[in-house]
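Here the structure is laid out as structure tokens; the discussion comes afterwards.
Both counts, for ligands and for their atoms, begin at 1 and track the order of listing. None of these values were measured; they are calculated from a predicted model. In what follows, residues are counted from 1 in the order of the sequence shown.
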Amino acid sequence: MTKRVYYQELGLANTREMFQKAINGGYAIPAYNFNNLEQLQAIVTACVETASPVIVQVSKGARSYANETMLRYMAMGAVKMAREMGSQIPIALHLDHGDSFELCQACIESGFSSVMIDGSHLSYDDNVALTRKVVEYAHDHDVTVEGELGVLAGIEDEVQADHSTYTKPEEVEDFVSRTGVDSLAISIGTSHGAYKFKVGPGEEPPPLRFDILHAIEQRIPGFPIVLHGSSSVVPEYVELINLYGGKMDGAVGVSEEQLRKAAASSVCKVNIDSDGRLAVTAKVREYLAQNPAEFDPRKYLGAARSELVRLIKHKNEMVLGSAGQA
Ligand code: G3H
Ligand code: 13P
Ligand code: ZN
């Protein structure tokens, strides 16, 4: 068995203080997914250059893609890189959508400072029981835990209808007090991926269900809320992808205006994965199409990395309000 390593030894931070400051300050902490070197370099560079606290997050799939040991050293490298750039920004390493106690435990024992246990697909009681079990173990190691209530709507769901998969405000108080979670992911109309809403030509996507968010805030005032599925699906990237041989028809995300409104509320963690994927894919496609003889991955991945830095700085500065808060 590999040696257990806890996040404190890697220079990482848990999310407790980050979230308190974000709620008091009316902004949100960005949570960017990564699987590879260039993504992590871009996240660190952009967050240092904008003095933003940051959560770098890894899904179960990303963890097996990158390798557990490699991830630990990447996280350590991310902290070192930030410090060598003269920055003290807090960096949390978070498990995104953990689906079992064992996975959460393994991540905690390999250096994660925060974990999500996603029991949103289980019955309410089973969700409470699983989340409680993870919280007890995590808190013994001062690791923070995100739970989830309500299932994110899929593209096939009628997100405008009063859908049973939205978080039920009447459940949140009981869930938070019985599980002891540090933050709660909710479902108010976002979904994962690049196809969040079905909209006709010239139509705007439906607004998020801020009425549900407000009802939740009234029941658990000041409690940290997490918004998944928060990519804007930047139209310029979709256009570039389609221009250079891709096919992404009807890709639509959450508008920046909606995200700004959410970030000013008790939403204090905003999850972004798809926009990073789109930026990389758009720039790699563009670079290779414009430089057909090039075969050095540093060239096209370097172009993608530069674009990611630009995208993340924009989000921190213009959307989430986290710039200057570290
Ligand atoms: O919420 C899901 C994230 O976008 C991660 O996706 O499981 O394909 O790594 P993944
Ligand atoms: P997006 O697919 O909108 O980027 O959402 C990512 C996410 O919620 C990761 O947990
Ligand atoms: Zn998610």
Side-chain angles (χ1 to χ4, degrees), residues 15 28-36 39-40 42-43 54-68 70-71 74 92-100 103-104 107 112 114-121 127 145-155 157 159 165-167 181 183-197 205-206 208 224-235 237-238 241 248 250-256 258-259 262-263 267-282 308 311-312 314-316 319-320:
T15 57
I29 309 287
Y32 297 113
N33 288 69
F34 77 99
N35 330 257
N36 67 31
Q39 287 173 308
L40 189 57
I43 296 167
V54 66
I55 297 167
V56 292
Q57 60 185 12
V58 177
S59 68
K60 183 181 178 181
R63 180 173 175 267
S64 50
Y65 177 84
N67 176 280
E68 181 185 301
M70 181 63 84
L71 266 179
M74 285 176 82
L93 176 64
H94 174 79
L95 169 66
D96 191 24
H97 294 284
D99 61 356
S100 69
L103 176 60
C104 292
C107 286
F112 283 62
S114 173
V115 292
M116 174 186 193
I117 178 68
D118 181 356
S120 60
H121 54 287
N127 189 0
V145 180
E146 175 183 328
E148 178 160 342
L149 263 184
V151 179
L152 291 209
I155 186 69
D157 293 331
V159 293
T165 55
Y166 290 131
T167 305
V181 280
S183 60
L184 182 67
I186 60 165
S187 169
I188 57 166
T190 62
S191 62
H192 291 111
Y195 302 89
K196 301 191 190 299
F197 308 102
L208 301 182
I225 301 296
V226 178
L227 200 58
H228 283 245
S230 300
S231 280
S232 293
V233 186
V234 180
Y237 296 149
V238 177
I241 289 170
M248 294 195 68
V252 179
V254 184
S255 76
E256 294 191 346
Q258 293 274 293
L259 293 169
V267 168
C268 63
K269 173 173 180 270
V270 168
N271 283 15
I272 297 163
D273 187 358
S274 296
D275 277 343
R277 297 179 182 200
L278 289 166
V280 170
T281 303
L308 265 182
L311 171 78
I312 292 170
H314 171 78
K315 289 195 181 281
N316 294 352
V319 185
L320 305 176

Please report the closest heavy-atom contact between [X] and [Y], naming both atoms and the distance.
X	Y	result
Ala279	Leu308	CB-CD2, 4.2 Å
Met116	Cys104	O-SG, 3.9 Å
Ser100	Leu103	OG-N, 3.0 Å
Leu149	Leu184	N-CD1, 4.0 Å
Val234	Leu278	N-CD1, 4.4 Å
Leu40	Val56	CD1-CG1, 3.9 Å

Side chain, backbone, both or neither: which part of [X] has a heavy atom under 4.0 Å from ligand 2?
X	answer
Asp96	side chain
Asn33	side chain
Ser230	backbone

Worksheet item: Just checking, is any N or O donor in the side chain of Asn33 or Asn271 under 3.5 Å from an acceptor N or O on the other one?
Response: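 Judged by distance alone, the side chains do not pair up.
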Worksheet item: Without hydrogens or angle criteria, can the side chains of Glu146 and His97 be said to hold a donor-acceptor pair below 3.5 Å?
Response: no
Note the single closest protein heavy atom to [atom], along with its residue, its atom name and the distance in Å.
atom	result
atom 3 (C) of ligand 1	Asp273 OD2, 3.3 Å
atom 8 (O) of ligand 2	Gly229 N, 2.8 Å
atom 2 (O) of ligand 2	Ser274 OG, 2.7 Å
atom 10 (P) of ligand 1	Arg277 NH2, 3.4 Å
atom 7 (C) of ligand 2	His192 CD2, 3.4 Å

For ligand 2, which atoms sit closer than 4.0 Å to a heavy atom of [X]?
X	answer
His97	10 (O)
His228	8 (O), 10 (O)
Ile272	4 (O)

Worksheet item: Is ligand 2 less than 4.0 angstrom away from at least one heavy atom of Lys196?
Response: yes
Discussion item. Heavy atoms only, cut-off 4.0 Å: how does Asp96 contact ligand 1, side chain, backbone, both, or neither?
Written reply: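 Within the 4.0 Å criterion, Asp96 contacts ligand 1 through side-chain atoms alone.
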Practice prompt. Consider ligand 1: state whether an atom of it lies below 4.0 angstrom from any non-hydrogen atom of Ser59.
Written response: yes
Worksheet item: Between the candidates Gln57, Lys60, His97, Arg63, which shows the shortest non-hydrogen contact distance to atom 2 (C) of ligand 1?
Response: His97
Worksheet item: If we only count N/O pairs under 3.5 Å, is His192 in contact with ligand 1?
Response: yes
Worksheet item: Between Gln39 (side chain) and Asn35 (backbone), is there a donor-acceptor pair under 3.5 Å?
Response: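 Side chain of Gln39 to backbone of Asn35: a pair is present.
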Discussion item. What verdict does the side chain to side chain contact (heavy atoms under 4.5 Å, CB included) test give for Tyr32 and Asn316, after you've listed the backbone C-alpha separation in whole Å, the side-chain angles of each residue and the deciding distance to 0.1 Å?
Written reply: CA-CA 11 Å; Tyr32 297 113; Asn316 294 352; 2.8 Å; yes
Discussion item. Test side chain to side chain contact (heavy atoms under 4.5 Å, CB included) on Phe34 and Gln57; report intermediate values, then the result.
Written reply: CA-CA 6 Å; Phe34 77 99; Gln57 60 185 12; over 6 Å; no
Response to the item:
ang(NE2 His97, the Zn ion (ligand 3), ND1 His228) rounded to 10° is 90°
